[in-house]
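Whatever order the structure lists ligands and atoms in, that order sets their numbers, starting from 1. Fair warning: this is a prediction, and the values are worked out from it, not measured in the lab.
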Amino acid sequence: MSMNVAIDGPAGAGKSTIAKKVAAKMEYIYVDTGAMYRSLALYFIRKGINKDDEAKISEAVKECDVTIEYEDGQQQVLLNGENVTGLIRTEEVGNMASSSSTYKAVRAKLLDLQRKLASENDVIMDGRDIGTVILPNAQAKIFLTASVDTRANRRYKELKDKGESPDLEKIKKDIEERDYRDSHRDEAPLKQADDAVLVDTSDMSIDEVTDRLIEIIKSKI
Ligand code: DC
């Protein structure tokens, strides 16, 4: 049987950074489900669909085929055969993903793909509903979080390092709005599974969080 680790938590808690490191150390495949929602979001943006138009988005999602591949251990997301990995990390795509992922048709599109990956491989899968909906039987579940201030500061630094001129207050507001949307939607809201271990990364270094997660996973296998 494959080994499944579910990591859920809000945007900016460090899920992908940590999950990648843990996956490399444990020789599991890292599956970034947010990237899948982002690739669909890119499609809706390209089609000029409004993020609140559930009917149009539910139609358009039928035209999408999302697959993933690994290049040098890095996840690549393909949207209708096009590698969109480098195009989905913008705020615009993130905001569209947060809105469109509230729709049933969008979530249904990705559910089978995510479950299939987990049934065929040892995976560390990160997202919002992995421990609660996608992989309720995952052997290890972690809920990774951090304060809004910490997450906003991390994002600010990330953008600054990229040469952009970010606005900290706006980042904070966006994070609060996204948290609210992700955790108050009807379909698969962001919430800690009953059997998930809570890890607050606000005052922890990346190495400390990585070690803590490996300790948790090893205690479950
Ligand atoms: O983790 P991320 O920022 O790349 O995710 C983008 C959006 O996708 C996020 O706001 C909510 C949605 N998402 C989701 O609904 N379920 C997941 N398993 C992963 C992401």
Side-chain angles (χ1 to χ4, degrees), residues 4-20 22-23 29-45 51-52 54 57-58 61 64 66 68 74-77 79 84-118 123-136 138 141-146 148 150-152 154-156 158-159 171-193 196 201:
N4 293 172
V5 177
I7 302 185
D8 292 301
K15 294 188 303 289
S16 62
T17 307
I18 303 297
K20 267 183 214 159
V22 175
I29 288 178
Y30 165 55
V31 183
D32 171 2
T33 62
M36 299 175 185
Y37 285 97
R38 284 171 181 267
S39 70
L40 292 177
L42 179 67
Y43 187 80
F44 307 143
I45 291 171
K51 66 180 173 45
D52 300 319
E54 179 171 3
I57 286 181
S58 303
V61 79
C64 296
V66 177
I68 67 168
Q74 302 290 321
Q75 175 180 298
Q76 307 291 315
V77 190
L79 171 67
V84 295
T85 314
L87 305 174
I88 55 177
R89 292 287 146 207
T90 64
E91 294 300 304
E92 185 191 17
V93 172
N95 286 331
M96 173 59 100
S98 175
S99 294
S100 55
S101 64
T102 62
Y103 306 138
K104 209 180 189 125
V106 172
R107 304 207 71 81
K109 181 90 195 177
L110 299 177
L111 183 118
D112 289 344
L113 170 63
Q114 292 167 4
R115 286 197 177 149
K116 187 163 182 284
L117 284 164
V123 295
I124 305 232
M125 189 175 283
D126 83 12
R128 303 293 189 286
D129 61 337
I130 310 304
T132 49
V133 176
I134 306 294
L135 307 176
K141 298 182 187 178
I142 290 133
F143 195 81
L144 212 60
T145 187
V148 171
T150 304
R151 291 187 280 136
R154 286 177 187 162
R155 183 75 187 135
Y156 177 84
E158 218 173 83
L159 292 171
I171 294 176
K172 225 182 259 184
K173 196 168 149 276
D174 282 351
I175 287 181
E176 278 166 347
E177 281 174 10
R178 195 182 298 184
D179 281 359
Y180 186 86
R181 252 196 325 265
D182 289 353
S183 50
H184 285 81
R185 63 188 183 209
D186 293 336
E187 298 297 326
L190 168 67
K191 87 173 194 290
Q192 184 179 348
T201 69

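- Proximity to D129 (heavy-atom distance under 4.0 Å) selects the following atoms of ligand 1: 16 (N), 17 (C), 18 (N).
- The nearest pair of heavy atoms linking R89 to A35 is NH2-CB, 3.6 Å.
- Considering only heavy atoms from C-beta on, I134 comes within 4.5 Å of R115 through its side chain.
- Between Y103 and V61 there is no side-chain heavy-atom pair separated by less than 4.5 Å.
- Taking any N or O of Y37, backbone or side chain, none lies under 3.5 Å from an N or O belonging to ligand 1.
- Closest to atom 12 (C) of ligand 1, if we only count protein heavy atoms, is S101 OG, 3.4 Å.
- With a 4.0 Å heavy-atom cut-off, ligand 1 is reached by no atom of E187.
- Contacts of D32 with ligand 1, taken as heavy-atom pairs under 4.0 Å, are absent altogether.
- Using a distance-only test at 3.5 Å, with no hydrogens or angles considered, no donor-acceptor pair links the side chain of K51 to the main chain of S99.
- Between R151 and E176 there is no side-chain heavy-atom pair separated by less than 4.5 Å.
- The shortest side-chain heavy-atom distance between V5 and I142 falls under the 4.5 Å cut-off.
- Here the heavy atom of the protein found nearest to atom 19 (C) of ligand 1 is T33 OG1, 3.4 Å.
- Each of the atoms 3 (O), 10 (O) of ligand 1 lies under 4.0 Å from some heavy atom of R178.
- With ligand atoms numbered from 1 in the order given, ligand 1 contributes 4 (O) to contacts under 4.0 Å with heavy atoms of R89.
- For ligand 1 and G127, the ligand atoms under 4.0 Å from any heavy atom of the residue are 17 (C), 18 (N), 19 (C).
- Donor-acceptor pairing under 3.5 Å is lacking for the side chains of R154 and T17.
- Nearest to atom 5 (O) of ligand 1 by heavy-atom distance, out of K15, Q114, R128, is R128.
- A 4.5 Å side-chain heavy-atom check between V31 and Q75 finds at least one atom pair inside the cut-off.
- The single protein non-hydrogen atom nearest to atom 7 (C) of ligand 1 is A97 CB, 3.7 Å, given as residue, atom name and distance.
- Residue R38 holds the heavy atom nearest to atom 4 (O) of ligand 1 of all those in R38, R185, M96, R107.
- A side-chain N or O of R181 and one of S98 form a donor-acceptor pair less than 3.5 Å apart.
- If you number the atoms of ligand 1 from 1 as listed, the ones under 4.0 Å from a heavy atom of D182 come out as 9 (C), 10 (O), 11 (C).
- If you look at M36 next to ligand 1, there are no close heavy atoms at all, none under 4.0 Å.
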